[in-house]
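Every chain is numbered from 1, with letters handed out A, B, ... down the list of sequences.
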Amino acid sequence: MDIAVAGTDSFVTPFRLAGLKRFYTIDTVEDLKSLLPRLLSDKSIGILILYDKEVSSLSVNLRQKLWMSIKPVVISIGSEPEVDIRERIKQAIGVDLYASK
Amino acid sequence: MAETEIQATRSQLLETRKRIVLSKRGYSLLKMKRDGLMMEFMKVLKEARGLRGVLVTSYLEAVKAISVAEAVEGKIAVESLIYAIRATPEISISDKNLMGVKVPTINILSKSVGYQERGYGIIGTTIRMDLAVGSSMKLMEIIEKAAEVETSLRKLLDEIEKVKRRVNALEFRVIPSLEETESFIRLRLEEMERENIFRLKRIKGRIS
């Protein structure tokens, strides 16, 4: 299975340097919204890498669909530490377990 | 259930008692599932904690190395380097069942490659380009690990929330409501029995 990346030109460059052949350059969040259904239904993609700021501007339902997907597994990265997952832990468990050591 | 809708009969009472037993059994099973999920969650959390920090650091390092390479060697040189790289990361994904929750397991099929196997010549490129490629490849290795761990964590959290909601609904809504119904029917039947005895006594008094 392949690893795919979707994002702006500067975001996909590190992944292209790592040897990724499947990259989708987008300019706006609207482009990402129209591209995502196609990527999520593509069975040849194993991991889909997205930029976290673009993901955070998507609708709650679409984000939930992204996080619950197994094939492909979706991961968002960026320069910010993970806030969304920490909030989910606080909400579900009641304690901020992500922060403590 | 509104009290006016309840039929105060013995069969209804037995049916309600059966439903209480079933609800209590379901409640204890769901509580056990919630505890099991929590144990699995804590295992995954151990791995996940810190991984995000490493991922962000690696991403920033890769971006910095690429920026330096682009500034010194030029954007076209970096772009041509991308076309020269032959090593493509490949993975396979399988499902793993954790307490009824399907989580992904990512197997990395491609091995990490050294300078010689990357697909570009050492003489024609610079150390800055090597660093950019090296940091990007390191980032990919971390992403492959983080993708599995974070998805498992999110899926387990989602299931814990669902089970917690069901446990709370049973504990605070379903079971108390059924117990209330059972008590209403029982009291109503007792009342009917008392009325019956009183009626029989009155009839007996009239006859004698």
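- Distance check, rounded to the nearest 0.5 Å: CD1 of A:Ile75 to CZ of B:Arg52 gives 5.5 Å.
- Contact count against chain B (heavy-atom pairs under 4.5 Å) is highest for A:Ile49 among A:Asp2, A:Ile49, A:Leu48.
- The number of heavy-atom neighbours closer than 6.0 Å to NZ of A:Lys33, taken from other residues, nucleotides and ligands shown, is above 12.
- At distances below 3.5 Å, not a single donor-acceptor pair connects side-chain atoms of B:Ser136 with backbone N or O atoms of A:Ala18.
- For a residue to count as touching a neighbouring chain, one of its non-hydrogen atoms must lie under 4.5 Å from one of that chain's; by this rule B:Ile66 touches chain A with the side chain only.
- Proximity to chain A (any heavy atom under 4.5 Å) is restricted, for B:Leu55, to the side chain, taken from C-beta onward.
- Around atom NZ of B:Lys75, no more than 12 heavy atoms belonging to other residues, nucleotides or ligands sit under 6.0 Å away.
- Aromatic ring orientation, A:Phe15 versus B:Tyr59: parallel (interplanar angle below 30°, classes split at 30° and 60°).
- Looking at A:Gln91, both its backbone and its side chain come within 4.5 Å of chain B, counting heavy atoms on both sides.
- Residue contact with chain A, scored on non-hydrogen atoms closer than 4.5 Å, involves the side chain of B:Leu139 exclusively.
- Residues B:Thr151 and A:Ser69 come closest through the heavy atom pair CG2-O, 3.8 Å.
- Counting only heavy atoms from C-beta outward, the side chains of B:Met129 and A:Leu17 never approach each other to under 4.5 Å.
- Contacts of A:Ser10 with chain B are absent, with no heavy-atom separation under 4.5 Å from either backbone or side chain.
- With a 4.5 Å cut-off on non-hydrogen atoms, A:Ile89 touches chain B through its backbone and its side chain both.
- Residues A:Met68 and B:Arg154 come closest through the heavy atom pair CE-O, 3.6 Å.
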